[in-house]
Amino acid sequence: MKKKWWHEKVAYQIYPKSFMDSNNDGIGDLRGIIGKLDYLQELGVEIVWLSPIYCSPLADQGYDISDYYNIDPRFGTMEDMDELIAEGKKRGIGIVMDLVVNHCSDEHEWFKKACEDPDGQYGKYFYIEDMKDGKVPCNWRSYFGGSVWEPLPGHPDKCYLHLFHKKQPDLNWENPQLRDEIYTMINWWLEKGLAGFRIDAIINIKKALPWRDYETDRDDGMIKPQRMLEDAVGIGEFLGEMRDRCFQVYDAFTAGEVFNEKEEDFPDFIGDNGYFSTMYDFRANNCGKSDKGWYDRTPVTPDQYRDSCFFSQKRAGDIGFYSNIIENHDEPRGVSHYIPEGDQNDVSKKMLGTLMFMLKGLPFIYQGQEIGMENTTFTSIDQIDDISTLDEYQVALNAGLTPEEALKTVAAESRDNARTPFQWNDGVNAGFTEGTPWLQVNPNYTRINLESQRNDPDSVYQYYRKLIALRKDPEYKETVVYGELIPVWEDQSNLMAFYRKSEEKTLLVIANFRREPRTIKLDTPYKKIVLNNCPKLTGTDSEITLEGYQVVILEV
Ligand code: TEU
Ligand code: CA
């Protein structure tokens, strides 16, 4: 594996709508982010990905772009963006934008023109088909529910494809002219000095053609798009082209949001000269998911968590770097999701953080994770804004759950859990805005907020700073960043332990992933405690007793 400029860094995801509101309209914005750059520098992150801020009707919170070349006025101006890039650079922070090119918005000029003239140039930018006897071309279900086909406005005899929401028409990557448009746009942004892109839902750009029905997986007669992806071949031609014509030219950092890639293609994605620099490891997040919907999801056990992480680690091996996460804007908060109720506290939060940071790969913090933000409470479906959650609520009702049960299941999984405003302090609206926040602040902000943690050496925040500092520490850097990962004691339930081994050093990470204490006999005595999420470590240098959710990094 070739060493890359970004390997040693720590990355951070900002969800702009919920980070910091500078003008009190209730919506986070670019000036809000600029005002918090010093904070991000203090934390120690050097790559910052912004979820989309382009012009958008915000049907899917900006993942429906109506103009790739402009900033949505709710988020700010192009001058603000240029300033953010420049101010970031001064602080050693590279700004990464979201690249959403599987689809655009139905309010994009291209789509409007396609509706005007489906047989013209812009009609070919999309997938537009004739209805045959009122029937759509195939039985695929959109990721957000319902058919992937929607009647084309103004042309009731035609329909267009949308794998996501009907306000997100899929772009036709088979059309070289469309691909040219996209590459020009990417390079226009890179030319501005962006560090790179996070690349949205990218596996979906290659469809299995011609359209065909598959065997249904629910009572609705439809089938999830993932089935079609199994049959789609040739995505590499598009991704290789995009790399060569855009990313490679600028040595840009790219993080792919890749699901459902083919096993044998993995090295092509993130190996040396891969399509992307890195891709997210979603294996643990996907544990317990059900084809039936969120309501049928089962909780992730500590052993499943560990096995998922180790599986991915083995897969990435010496090929490339995964980006490791416990949560993002599409997931519930990691601590609420992976730690049983009653055990969600500073100790278990620090444990999850330590495991994430000590896996091989690029640690990617999601905003608020560093202060231990948790899932919020939803007492009514009206408090939920997210289209995916609203769809899953309907799916749960259709399956026969009562409204109360349906709300309970989707509240635990809702993407809005991660999208509540950042909790800066215990003042009005957690210091996020003086206006009315677009999504309610988590009521626990008086207890969990940055201000109360900033000067507390034992806080989750200060612990994350230590994790980040360890990754940069000249003494440990080589081992933490590049050391081989060797799992140990995998036969012990609720224990996640592994060595990180370089030529100079060996570190041993041991996490007691349960409430009860446990005693562990080490293979060799340890020399030093490098990090500990509890005040002390009981035992001797070769036999230690860990408290519930205690994690230690030992030098052996
Ligand atoms: O997500 C793509 C995706 O496939 C999953 O995240 C999933 O469909 C979704 O979370 C269902 O709840 C990306 C973005 O991260 C997400 O926010 C967007 O909604 C989606 O693409 C469409 O652009
Ligand atoms: Ca604002």
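Every number for a ligand or one of its atoms is a count from 1 in the order of the listing.
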Student: Find all atoms of ligand 1 within a distance of less than 4.0 Å from any non-hydrogen atom belonging to S388, and give their numbers and elements.
Tutor: 11 (C), 12 (O)

Student: Can you tell me which residue among Q344, E327, Q369 is in a side chain to side chain donor-acceptor pair (under 3.5 Å) with R333?
Tutor: E327

Student: Just let me know how Q61 lines up against ligand 1, side chain, backbone, both or neither, with a heavy-atom cut-off below 4.0 Å.
Tutor: neither

Student: Do S56 and D64 get their side chains close enough for a donor-acceptor pair, meaning under 3.5 Å?
Tutor: yes

Student: Please identify which atoms of ligand 1 are closer than 4.0 Å to at least one heavy atom of H103.
Tutor: 22 (C), 23 (O)

Student: Determine which of the N, O or S atoms in D25 is closest to the Ca ion (ligand 2) and give its atom name.
Tutor: OD1

Student: Which atom name would you report as the N, O or S atom of D29 nearest the Ca ion (ligand 2)?
Tutor: OD2

Student: Could you check atom 8 (O) of ligand 1 against the protein and tell me its nearest heavy-atom contact, residue, atom and distance included?
Tutor: F164 CE2, 3.8 Å

Student: Hey, are S51 and Y63 close enough side-chain-wise for a donor-acceptor pair under 3.5 Å?
Tutor: yes

Student: Should you measure from each heavy atom of H329, which atoms of ligand 1 turn up under 4.0 Å away?
Tutor: 14 (C), 15 (O), 16 (C), 17 (O)

Student: Could you tell me the residue and atom name of the protein heavy atom closest to atom 17 (O) of ligand 1, and the distance to it rounded to 0.1 Å?
Tutor: D330 OD1, 2.7 Å

Student: With nothing but distance in play, are any N or O atoms of W294 less than 3.5 Å from an N or O of ligand 1?
Tutor: no

Student: Kindly give the atom name of the N, O or S atom of D21 closest to the Ca ion (ligand 2).
Tutor: OD1

Student: By number and element, which atoms of ligand 1 are closer than 4.0 Å to a non-hydrogen atom of F144?
Tutor: 11 (C), 19 (O)

Student: Name the one of Y125, Y127, Y160 that satisfies ring-ring contact (aromatic ring centres under 6.0 Å, His included) with F111?
Tutor: Y160

Student: Ignoring hydrogens and geometry, is there a side-chain-to-backbone donor-acceptor pair from D80 to T77 under 3.5 Å?
Tutor: yes

Student: Donor-acceptor pair, distance only, cut-off 3.5 Å: does the side chain of Y393 make one with the backbone of V410?
Tutor: no

Student: Got an N, O or S from G28 under 3.0 Å of the Ca ion (ligand 2)?
Tutor: no

Student: Note the single closest protein heavy atom to atom 1 (O) of ligand 1, along with its residue, its atom name and the distance in Å.
Tutor: E257 OE2, 3.0 Å

Student: So, is N24 placed with an N/O/S atom under 3.0 Å from the Ca ion (ligand 2), counting both backbone and side chain?
Tutor: no

Student: Out of N102, V101, D200, who gets a non-hydrogen atom closest to atom 13 (C) of ligand 1?
Tutor: D200

Student: Is the backbone of R419 close enough, under 3.5 Å, to the side chain of D416 for a donor and an acceptor to pair up by distance?
Tutor: no

Student: Ignoring hydrogens and geometry, is there a side-chain-to-backbone donor-acceptor pair from W173 to V101 under 3.5 Å?
Tutor: yes

Student: Is there a donor in the side chain of W424 and an acceptor in the side chain of E451, or the other way round, less than 3.5 Å apart?
Tutor: no

Student: When you measure from the side chain of Q168 to the backbone N and O of H165, does any donor-acceptor pair fall under 3.5 Å?
Tutor: yes

Student: Does N375 offer a backbone N or O that forms a donor-acceptor pair with the side chain of S336 under 3.5 Å?
Tutor: yes

Student: Which bit of R198 gets closer than 4.0 Å to ligand 1, counting heavy atoms only: side chain, backbone, both or neither?
Tutor: side chain

Student: For atom 9 (C) of ligand 1, what's the nearest protein heavy atom and its distance?
Tutor: R415 NH1, 3.5 Å

Student: Ignoring hydrogens and geometry beyond distance, is a side-chain donor-acceptor pair present between D281 and Q313 at under 3.5 Å?
Tutor: no

Student: Under 4.0 Å from atom 20 (C) of ligand 1, is there at least one protein heavy atom?
Tutor: yes

Student: Considering only the protein, which heavy-atom contact is closest to atom 18 (C) of ligand 1, and what is its distance?
Tutor: D60 OD2, 3.3 Å

